[in-house]
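Here is the naming used below: chain letters follow the sequence lines, and residue numbers restart at 1 for every chain.
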There are 4 protein chains.
Amino acid sequence: MAATNKQAEIEAAAIRLFRQKGYHATSMQDIADAVGLQKGSLYHYISSKDDLLVSIMHAALSKYNSRLSEIRSMDLPVRERLELAVRAHLRGIADNLGMLTIFLRESYALSPQHKEIIGSESSRYNQMFEDLFREGVASGEIRDLDPKLATRTMLGACNWFYRWYNPEGRLGIDQLADFFVDLLFKGVETRS
Amino acid sequence: MAATNKQAEIEAAAIRLFRQKGYHATSMQDIADAVGLQKGSLYHYISSKDDLLVSIMHAALSKYNSRLSEIRSMDLPVRERLELAVRAHLRGIADNLGMLTIFLRESYALSPQHKEIIGSESSRYNQMFEDLFREGVASGEIRDLDPKLATRTMLGACNWFYRWYNPEGRLGIDQLADFFVDLLFKGVETRS
Amino acid sequence: MAATNKQAEIEAAAIRLFRQKGYHATSMQDIADAVGLQKGSLYHYISSKDDLLVSIMHAALSKYNSRLSEIRSMDLPVRERLELAVRAHLRGIADNLGMLTIFLRESYALSPQHKEIIGSESSRYNQMFEDLFREGVASGEIRDLDPKLATRTMLGACNWFYRWYNPEGRLGIDQLADFFVDLLFKGVETRS
Amino acid sequence: MAATNKQAEIEAAAIRLFRQKGYHATSMQDIADAVGLQKGSLYHYISSKDDLLVSIMHAALSKYNSRLSEIRSMDLPVRERLELAVRAHLRGIADNLGMLTIFLRESYALSPQHKEIIGSESSRYNQMFEDLFREGVASGEIRDLDPKLATRTMLGACNWFYRWYNPEGRLGIDQLADFFVDLLFKGVETRS
DNA sequence: TATGAATGAGAGTTCATTCAT
DNA sequence: AATGAATGAACTCTCATTCAT
């Protein structure tokens, strides 16, 4: 995964720094230092700090969208596809903790135009998840809950994951995903 | 709601602006304009922008902590107390959307010392919730799930709420709380 | 020496603070804190920070001038009067270390008008010293050195004293004055 | 003296302005105006106003220290070396009136860390002078006076020089140095 | 006499971005 | 492709002073 590509190197450095220090607290100088360029030189590869943020988020989202799209069209019972969607969501956060942290935390820092672009990509994802949920309700495998609210609640629970997930923690990502699926699908209360 | 108290007025303006534009994107000038003072004059009432952020968060958290503490010690079955805790959490976000948004979104912008202070207040809350969960497991009313993970997941789902809650939306806060409780307690899948 | 007089109390606090932290680094708030008033209230007693500085310097200088004037007209051999002048100069610094430090160190911070006022009082002092020296040369008790230069050199040596004098030091002010007189009157080299 | 080196140009402007108006009364804007830059642009060359002050003082002191070190180890009678030390000290002030004025006048404005650094360089100088004096006492060429006090007195007399030396004055630096040496070595009183 | 809210100018510093080389 | 000097606006914060109460 050698950095043949300066642009990618810059992006990688930005992801690391934005995650560590936050978008606003990271200066172009910090990024330049990290890749061994002068800060003026960065502008041969990127057009602005804001664009850098957007393209990181975009990359994160397009991976997400395509993965969810695949899952949706798998030849499996919908309950299992919904489960896979939750697992993939969590694994996506774990695998790209930097990018996802930035997406989930710094979205509000985007300029209005960019906010719209990213917002619509993000809505697509939510919409796909919601559709899957709706499909589950239709098939009877999933309880008849409001699909929009359910989507928000389930994804909210999953999104918060970036705040405490520790790659070096006791439990691996698969075990954590098992836990989330168990809790979200069966609930916390004892069945009578 | 007359401005008898300038300090409170400043804090209110800060909450509104921090929520709208984010902490970093809000300048002291913005706040000064909002309350009709020169920016230098703000410093009669606050000691720094950072302190302003902290005191907003502190106010949010101390309300939260005391409410949860009350609920924990109520004379009710633990399952109902846990349910109340979820409802109170959501209602707390809805009632203080500004303060809570700032707390949930801008925590990472705090200085290390402040991060520690706010972090420990926040941990107390999580700990109380976790204890309640543990109590439920002990009594058999709640399934035997890892209490720490369950707390993170449930509160994560609830915290995400600030991102989409709209006070003028179709559903009131009580109905939304009903929904969360239903989903988190019973799960999404159909019981066989 | 109870503070029956607020003005004097303010001046005393200013002397202490200006000496400790310097004129520019001392704020009106610092002074107000030291005397237990609000900073706005200071302006009932003084007209400006600059004036405060000037009146401190003025007080220092008028003491100095009157003392030197007395010495000059004493009925003693001129050599002894010159010696007394040196001793009085040093004792004046030791006794009013605060005021003198401020005068010697912060003169350049004065506004042009004030600089002129203080400058002329200060010149009067130097002139008196120079006249005394000239008298000594005329009487033959003092070597025929340029009186203006000699005055500058001798007073320079004495003025630097404020930089290192320590009231709690090993040697008392009289012993130190003995030393200065010895060095300045007899020189450092061994007489052949 | 073309402006090949902006850093040096900034330092020169700072020396001039700090001397004229004092450190505190000189703003970064003043310096920027003097060198024809925006004030923000100064920070390409310096790291802070405080650092600028320190590096000016440091430059002054290291010249001084190396010159005195040379003199000390010359192959001359100690009385002559001490005399040379006085002459070099005065010439140093005359040649670098700006830098030395700033060092002698603004030392107390330094931050504690910087004060320590500059203070120790300054002590080294005083120590070398004192050692030379001590050597003179040992050889019998110099009277048996307390070397520490004698150093303070002699250097005090010389340091005050910056307050009144005028490069365009009647007497040149060599003549003035002759005067100082005469006064300090032989004293002011007539030998009986 | 004393307050304390308010001013308004200005401080030093940071920073994303540009552009001639 | 890369530099690095320069910009210029914005930033948080300080401070001596004023004045209605």
Side-chain angles (χ1 to χ4, degrees), chain A residues 5-7 10 14 23-32 35-53 111, chain B residues 3 5-7 9-10 23-32 35-53 111, chain C residues 6-7 10 23-32 35-53 111, chain D residues 3 5-7 9-10 23-32 35-53 111:
Chain A
N5 188 324
K6 268 267 141 93
Q7 168 128 15
I10 290 169
Y23 175 72
H24 284 105
T26 300
S27 69
M28 295 305 280
Q29 187 65 68
D30 291 334
I31 299 173
V35 297
L37 285 175
Q38 293 304 112
K39 68 180 160 166
S41 311
L42 294 177
Y43 289 84
H44 288 288
Y45 302 100
I46 61 157
S47 60
S48 73
K49 193 186 176 190
D50 199 60
D51 264 2
L52 193 49
L53 181 59
S111 66
Chain B
N5 188 328
K6 216 88 206 207
Q7 169 125 17
E9 218 184 321
I10 290 169
Y23 175 72
H24 285 107
T26 299
S27 70
M28 294 309 281
Q29 187 65 67
D30 291 334
I31 298 174
V35 297
L37 286 176
Q38 295 299 111
K39 66 183 164 165
S41 309
L42 295 176
Y43 290 84
H44 282 284
Y45 302 99
I46 61 157
S47 59
S48 71
K49 192 187 177 189
D50 200 59
D51 261 8
L52 192 50
L53 179 59
S111 67
Chain C
K6 252 315 94 104
Q7 168 128 14
I10 290 169
Y23 175 72
H24 284 105
T26 300
S27 68
M28 294 306 280
Q29 186 65 68
D30 291 334
I31 298 173
V35 298
L37 287 175
Q38 292 305 113
K39 70 181 160 166
S41 310
L42 294 176
Y43 289 83
H44 288 288
Y45 302 100
I46 61 158
S47 59
S48 73
K49 193 186 175 189
D50 198 59
D51 264 3
L52 193 49
L53 180 59
S111 66
Chain D
N5 188 330
K6 215 87 207 205
Q7 168 126 14
E9 219 184 320
I10 290 169
Y23 175 73
H24 285 107
T26 300
S27 69
M28 294 308 282
Q29 187 64 67
D30 291 334
I31 299 173
V35 297
L37 286 177
Q38 295 299 113
K39 66 180 166 167
S41 308
L42 295 175
Y43 290 83
H44 282 285
Y45 302 98
I46 61 157
S47 58
S48 72
K49 192 186 176 191
D50 200 59
D51 261 8
L52 192 49
L53 179 59
S111 67

OP1 or OP2 of [N] under 4.0 Å from side-chain N/O of [X]:
X: Ser27(B); N: dA10(F); value: no
X: Tyr43(C); N: dT17(F); value: yes
X: Gln38(C); N: dG4(E); value: yes

_Nearest-0.5 Å distance that lies between atom CD in Gln38(D) and atom NE2 in His44(D)_ = 11.5 Å
*To the nearest 0.5 Å, tell me how far Tyr43(C) OH sits from Ile10(C) CD1.*
10.5 Å
Heavy atoms from C-beta onward define the side chain here; which of [options] lies closest to that of [X]?
X: Lys39(D); options: dA6(E), dG8(F), dA10(F); answer: dA10(F)
X: His44(D); options: dA6(F), dG4(E), dT17(E); answer: dA6(F)
X: Lys49(B); options: dT7(E), dA16(E), dT12(F); answer: dT12(F)

_Donor-acceptor check, side chain of Lys39(B) to backbone of Ser27(B), threshold 3.5 angstrom: yes or no?_
no
Whole-Å distance between [N] [atom2] and [X] [atom1]?
X: Ile10(C); N: dT1(E); atom1: CD1; atom2: P; value: 11 Å
X: Tyr23(D); N: dA11(E); atom1: OH; atom2: C1'; value: 11 Å
X: Leu37(A); N: dT17(E); atom1: CG; atom2: C1'; value: 16 Å
X: Asn5(D); N: dG4(F); atom1: CG; atom2: P; value: 15 Å
X: Lys6(B); N: dT7(E); atom1: NZ; atom2: C1'; value: 13 Å
X: Met28(B); N: dC11(F); atom1: CE; atom2: P; value: 11 Å

*Quick one: label Leu42(B) by what it contacts on the DNA or RNA (base, sugar-phosphate, nothing), any heavy atom closer than 4.0 Å.*
nothing
*asked:* Categorize Ser47(A) for me: base, sugar-phosphate, or nothing, with a 4.0 angstrom heavy-atom threshold over every strand shown.
replied: nothing
*Just name whichever nucleotide pairs with dT7(E), Watson-Crick or G-U, keeping both distances under 3.5 Å, else none.*
dA16(F)
_dA1(F): pairing nucleotide in any strand, Watson-Crick or G-U under 3.5 angstrom_ = none
*Which sits closer to the 5' end of DNA chain E, Gly40(C) or Ser41(B), going by the nucleotide each is nearest to?*
Gly40(C)
*Decide yes or no for Glu9(B) and Leu37(B): does some side-chain heavy atom of the first lie under 4.5 Å from some side-chain heavy atom of the second?*
no
